[in-house]
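What follows is one structure encoded as structure tokens, with my remarks underneath.
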Amino acid sequence: MPEARKVGIIGVGKYLPQHVLTNYDLEKMVDTTNEWIITRTGIKERRIAAENEAASDMAVKAARNALESAKLKPEDIDLIIVATITPDMFFPSTACQLQFKLGITNIPAFDISVACSGFVYGLVLAEQFIKSGMYRNALVVAAEKLSSVTDWQDRSTCVLFGDGAGAAVLAQVNKGGILNSTLGADGSKGDLLQLPAGGSKMPASIRTVENRLHTIKMEGNILFRHAVKIMADAARKVTEPLGLKGDDIDIIIPHQANLRILDALALRMGVDPKKKVYLNIEKYGNMSAASSAVALCEAVEEGRIKKGDKILMDAFGGGLTWGALVIEW
Ligand code: ACO
């Protein structure tokens with residue numbers, strides 16, 4: 001039997017809006033303190049997109065950055081997947097907007113709505129299309145403008161989120177690539193993290209606006225416990241069949257929701273969080289799907305990822321959804 005195609009990441013990119021919103025800025029907006037935010041979450045500051053900057057505007061910058069790193073031109077791409085819960089609009093999709101902004105036509109382009117797990121889902125989807133031989137070079141972008149769905153009067157959520165975009169180009173590789181992956185969801189716990197209004201269940205009305213139902217509602221405390229367990233289980237599910245222990249992983253690139261979640265995950269995996277877990281939550285907060293995409297890009301840029309390294313990506317988010325994969329760089 002012919003050996004299955006190996007699929008790897010051949011380029012990464014990112015874009016972060018210029019405007020920095022610090023914890024001290026938030027102290028002036030809601031009843032919170034820099035100290036509370038740092039000790040409870042690990043976040044010091046986050047980026048906020050400009051008013052006229054939509055998800056696709058950030059996506060196109062991250063995508064161009066990834067294409068440059070992959071040494072490809074937009075016309076070399078034959079599949080676009082965008083992970084976002086803050087699309088430019090319901091339709092056309094942000095992926096179609098991105099395709100247009102990249103100046104290419106005809107190739108398939110679609111969004112996936114998987115909240116914070118979106119980038120890992122996107123990578124696994126792209127891997128399947130390339131493995132099957134249907135497409136050659138896939139562009140996966142995670143772009144989020146969470147500031148547009150944040151309730152800036154709710155201190156329990158507004159201190160957590162930020163805006164940004166990350167991207168990866170996937171293609172067939174000779175060695176390494178994605179070694180194993182897992183995806184999952186539990187719709188029964190969807191109400192723990194949601195944006196209630198604006199969809200067909202609760203269309204926009206004066207009442208939904210007055211009741212602030214177009215912003216993220218979150219049961220942070222309950223989610224926290226689910227996140228630790230689910231991320232640890234997903235990590236085990238992808239590493240064990242490969243015979244990998246925590247120490248065999250060179251670096252963990254997790255979704256960056258909360259520093260304490262990541263410390264707890266490292267503890268469960270029996271690894272030193274300071275050595276093994278890549279963090280950028282301090283600078284950017286939780287950018288939903290874009291968090292792990294930007295983290296991967298920065299880990300590469302900083303030389304934290306070298307050829308042959310084994311990387312664990314592990315994400316968890318609203319839905320509930322989760323996804324993890326091991327990739328040999
Ligand atoms: N400043 C000061 N006090 C605050 C703030 C704030 N910004 N926010 C909440 N508090 C208060 C609360 O009112 C509460 O006060 P009380 O005890 O008088 O009632 C107290 O702090 C403790 O609140 P908790 O919610 O229990 O705080 P916790 O330690 O759980 O931290 C947090 C909250 C940071 C949200 C945490 O629960 C968390 O990170 N959860 C996980 C979030 C997550 O994983 N989300 C999924 C991914 S996101 C996505 O998919 C888009």
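Remember, it's 1-based here, ligands and their atoms both numbered in the order they're listed.
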State, without any angle test, whether Tyr278 and Glu302 hold a side-chain donor-acceptor pair at a distance under 3.5 Å.
yes

Hey, which atoms in ligand 1 end up nearer than 4.0 Å to a heavy atom of Asn286?
47 (C), 48 (S)

With a cut-off of 6.0 Å (strictly less than), are more than 12 heavy atoms of other residues, nucleotides or ligands near CZ of Arg5?
yes

Salt bridge or not for Lys14 and Glu301, using N-O below 4.0 Å?
yes

If we ignore angles and hydrogens, is there a donor and acceptor under 3.5 Å between the side chains of Gln97 and Ser56?
no

Atom indices of ligand 1, in the order listed, that fall short of 4.0 Å to a heavy atom of Ala257
44 (O)

Among Ile43, Asn258, Val149, Leu320, which one has a heavy atom closest to atom 38 (C) of ligand 1?
Asn258

Is it the side chain (CB and beyond), the backbone, both or neither of Thr32 that lies under 4.0 Å from ligand 1, heavy atoms counted?
both

Taken to the nearest 0.5 Å, the spacing of Lys307 NZ from Trp329 CH2 works out to 10.5 Å

Does Lys310 reach the side chain of Asp248, with side-chain heavy atoms less than 4.5 Å apart?
no

I'd like to check atom 29 (O) of ligand 1 in this structure: does the protein have a heavy atom lying under 4.0 Å from it?
yes

Heavy atom of the protein closest to atom 42 (C) of ligand 1 (residue, atom name, distance)
Met218 CE, 3.7 Å

Mode of Asn221 contact toward ligand 1 - side chain, backbone, both, neither (heavy atoms, under 4.0 Å)
both

Can you list the atoms of ligand 1 that are under 4.0 Å from a heavy atom of Thr41?
34 (C)

Taking non-hydrogen atoms only, is Ile216 closer than 4.0 angstrom to ligand 1 via side chain, backbone, both or neither?
neither

Return yes or no for this condition: an N or O of Arg155 is under 3.5 Å from an N or O of ligand 1.
yes

Nearest heavy atom to atom 20 (C) of ligand 1 wins, so pick from Arg260, Arg40, Glu35.
Arg40

Find all atoms of ligand 1 within a distance of less than 4.0 Å from any non-hydrogen atom belonging to Cys116, and give their numbers and elements.
47 (C), 48 (S), 49 (C), 50 (O), 51 (C)

Check contact between Val159 and ligand 1, using heavy atoms of the residue and a distance below 4.0 angstrom.
yes

Is a donor from one side chain sitting under 3.5 angstrom from an acceptor on the other, for His255 and Ser117?
no

Indicate whether any N or O donor in one side chain lies under 3.5 Å from an N or O acceptor in the other, for Gln128 and Tyr135.
no

Which ligand 1 atoms are under 4.0 Å away from a heavy-atom of Gly317?
50 (O)

Cluster link Met313 to Ile249, ILVMFWY, side chain under 4.5 Å
no

Flag the pair Pro254 / Phe316 as yes when at least one side-chain heavy-atom distance between them is below 4.5 Å, and no otherwise.
no

heavy-atom search around atom 40 (N) of ligand 1 in the protein gives Gly220 O, 2.9 Å

Tell me which part of Leu193 gets within contact of ligand 1: side chain, backbone, both or neither, using heavy atoms under 4.0 Å.
side chain

Could you tell me, atom by atom, which parts of ligand 1 come under 4.0 Å of a heavy atom of Gly318?
50 (O)

Check whether any protein heavy atom sits under 4.0 Å from atom 16 (P) of ligand 1.
no

Just which atoms of ligand 1 are under 4.0 Å from any heavy atom in Ile261?
41 (C), 44 (O)

One thing to verify: whether Glu45 and Lys283 come together as a salt bridge, which I'm taking to mean a side-chain N less than 4.0 angstrom from a carboxylate O.
no

Whether the side chain of Asp233 engages the backbone of Ile230 through a donor-acceptor N/O pair (distance < 3.5 Å, no angle test) should be reported.
no

Under a 4.5 Å side-chain heavy-atom rule over Ile, Leu, Val, Met, Phe, Trp and Tyr, are Ile37 and Phe224 clustered together?
yes

Nearest non-hydrogen atom to atom 9 (C) of ligand 1 belongs to which of Phe316, Phe224, Trp36, Phe161?
Trp36

So, for atom 3 (N) of ligand 1, does the protein have a heavy atom nearer than 4.0 Å?
yes

Any atoms of ligand 1 less than 4.0 Å from a non-hydrogen atom of Leu223? List them with their elements.
45 (N)

